[in-house]
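For clarity, every value in this text was computed on a predicted model and none was experimentally measured. Quick note: residue numbers are just sequence positions, from 1. Both ligands and their constituent atoms are indexed starting at 1 by order of listing.
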Amino acid sequence: MTTITVIRGDGIGPEIMDATLHVLDAMRLGLSYEFADAGLAALERHGELLPAATLESIRRNRIALKSPLTTPVGGGFSSINVELRKRFDLYANVRPARSFPNTKARFPGKVDLVTVRENTEGAYIGEGQEVSADGETAVLTQKVTRKGSERIVRYAFELARSTGRRKVTVVHKANILKSTSGLFLKTAREVAAQYPDIACDEMIVDACCMKLVMQPEQFDVLVTTNLFGDIISDLCAGLVGGLGLAPGANIGADAAIFEAVHGSAPDIAGKGIANPCALLLAAGQMLDHLGRSDEAERLRSAIVATLEAKDALTPDLGGEGNTLSFARAIASRL
Ligand code: NAI
Ligand code: MG
């Protein structure tokens, strides 16, 4: 019996989590769930956004499946998601983008790539954020380390090797951001030299975005720094039909948190029409991480079969189903 921490989250979070657990239960995986609160739900119940009991649960179980959390605007707390990544040093943000049938994607059947985003440094360290007294000038500190670059690039090459992928593209802007992106690129080249079996190319981030839109099929694994990875992974989600199909894993040495790329979608919360696939696909990544790739494949196949049959698809995919009927349709194809 493996125990995982389950965070039902805010907005559409509880709806897509119920749907996801319905499918996981139908798989009879022998998982047991330890429910914990974070975000607005935690603020309402416990008076704080990230209770110690939640951190303790993740520390103990080392695996969490998490719905989106709403970050209250204003106040001292930047983002609970960023905070969780920091607390557990979840340095690798792994975001696969894969074409599925019957989506509104522009490139049906062409995309199968993974963005590996450095998750703890770069422009997101939250340091040195200052606006001058006259409000005319703003500055921000970015930080890239050799250690941080080394471990994320190594993660990307190891992922390529273990999943039978052939190429890693290092995405950077070292021509302009000479210090930070320069150190990332230099370190990436050193790591790449240790993986002669995996092809490696380098691409400047702006050109990379253009090529992703023109010829997404030429990409396999992309590895990059925090801000570029955040943007590129959303671009890739767009290529395959939107946020409802985009999962992500946040992986560290001691813990891992699996979640959808999308947020709490306040505009459709409570209506029961959110697409549960992103969180379900994140659960698939979780099963891969637990060494149960056969079960992960079983889950993904059921999702693909349901999309192919256009059975109970949610409105974002052009269907007339709802969150739960879609999940039931997937569960019936396991
Ligand atoms: P969002 O991703 O929640 O929504 C963007 C658009 O996509 C909306 O129109 C929404 O209805 C649609 N959408 C998102 N997920 C969907 C799904 N599963 N099925 C169908 N349609 C879906 O982004 P937004 O509105 O910018 O952020 C809302 C809140 O979520 C904010 O408080 C933000 O901080 C938080 N957020 C949390 C994340 C996390 O917990 N990892 C990630 C991103 C945002
Ligand atoms: Mg983002």
Side-chain H-bond candidate by donor/acceptor type, Tyr33 with Asp25, under 3.5 Å:
yes
Does the side chain of Ser57 pick up a donor-acceptor pair with the side chain of Glu34 at under 3.5 Å?
yes
N/O to N/O below 3.5 Å, does that happen between Ala265 and ligand 1?
yes
Report the part of Val261 (side chain from C-beta onward, or backbone N, CA, C, O) that has a heavy atom under 4.0 Å from ligand 1; answer both or neither where that applies.
backbone
Look at Lys147 together with Glu150 and state whether they make a salt bridge at an N to O cut-off of under 4.0 Å.
no
Does this structure show an ion pair linking Arg166 with Asp220, if we count only N-O contacts that are shorter than 4.0 Å?
no
From Ile176, Ile232, Leu227, residue fulfilling side chain to side chain contact (heavy atoms under 4.5 Å, CB included) relative to Val205:
Ile232
State plainly whether the residues Lys66 and Glu259 are in salt-bridge range, i.e. N to O under 4.0 Å.
yes
Might you check, step by step, whether the distance between atom 1 (P) of ligand 1 and some protein heavy atom is under 4.0 Å?
yes
Residue, atom and distance of the protein heavy atom nearest atom 6 (C) of ligand 1 read Leu243 CD1, 4.7 Å
Under 4.0 Å from any heavy atom of Glu259, which atoms of ligand 1 are there?
41 (N)
With no hydrogens and no angle check, just 3.5 Å: does a side-chain donor-acceptor pair link Thr3 and Asn61?
no
Could you tell me whether Gly263 and ligand 1 have an N or O pair separated by under 3.5 Å?
yes
Within the 4.5 Å heavy-atom criterion, are Ile58 and Ile7 side-chain neighbours or not?
yes
If you have a sec, work out which protein heavy atom is nearest atom 30 (O) of ligand 1 and how many Å separate them, to one decimal?
Ser264 N, 3.0 Å
Between Asn119 and Tyr124, is there a side-chain donor-acceptor contact under 3.5 Å, judged purely by atom types and distance?
no
Would you please classify the geometry between the Phe157 ring and the Tyr195 ring as parallel, tilted or perpendicular, with 30° and 60° separating the classes?
parallel
Looking only at distance, does Ser67 have an N or O less than 3.5 Å from an N or O of ligand 1?
no
Would a 4.0 Å cut-off, counted as strictly less than, catch a protein heavy atom around atom 43 (C) of ligand 1?
yes
On a heavy-atom basis, I'd like to know which of Ile7, Asp230, Ile268, Val82 is closest to atom 22 (C) of ligand 1.
Ile268
Do Leu245 and Met17 belong to the same hydrophobic cluster, where Ile, Leu, Val, Met, Phe, Trp and Tyr are linked whenever their side-chain heavy atoms lie under 4.5 Å apart, directly or via other members?
yes
Below 3.5 Å, N or O to N or O, backbone or side chain included: is there any such pair between Ile12 and ligand 1?
no
List ligand 1 atoms under 4.0 Å from Thr71, heavy atoms only on the residue side.
32 (O), 34 (O)
Ranked by distance from atom 11 (O) of ligand 1, the top protein heavy atom is Asp267 OD1, 2.8 Å
Taking the ring of Phe228 and the ring of His172, is the distance between their centroids below 6.0 Å?
no
Have a look at ligand 1 and work out which part of Thr70, if any, has a heavy atom under 4.0 Å from it: side chain, backbone, both or neither.
both
Starting from the Mg ion (ligand 2), look over the N/O/S atoms of Asp230 and name the nearest one.
OD1
Hey, looking at atom 40 (O) of ligand 1, which of Asp234, Leu40, Ile273, Leu69 has the closest heavy atom?
Leu69
Could you list the atoms of ligand 1 found under 4.0 angstrom from a heavy atom of Ala274?
19 (N)
Would you indicate which of Arg85, Lys66, His262 comes nearest to atom 15 (N) of ligand 1 when only heavy atoms are counted?
His262
Whether Ala278 lies under 4.0 Å from ligand 1, heavy atom
no
Between Thr169 and Asp201, is any side-chain donor less than 3.5 angstrom from a side-chain acceptor?
yes
Which atoms of ligand 1 are found less than 4.0 Å from any heavy atom of Pro266?
28 (C)
Closer than 4.0 Å to some heavy atom of Asn81 - which atoms of ligand 1 meet that?
37 (C), 38 (C), 39 (C), 40 (O), 41 (N)
Applying a 4.0 Å heavy-atom criterion (strictly less than), which segment of Asn275 is in contact with ligand 1: side chain, backbone, both, or neither?
both
Using a 4.0 Å heavy-atom cut-off, which part of Ser79 comes near ligand 1: side chain, backbone, both, or neither?
neither
Side-chain donor-acceptor pair under 3.5 Å between Lys271 and Asn322, yes or no?
no
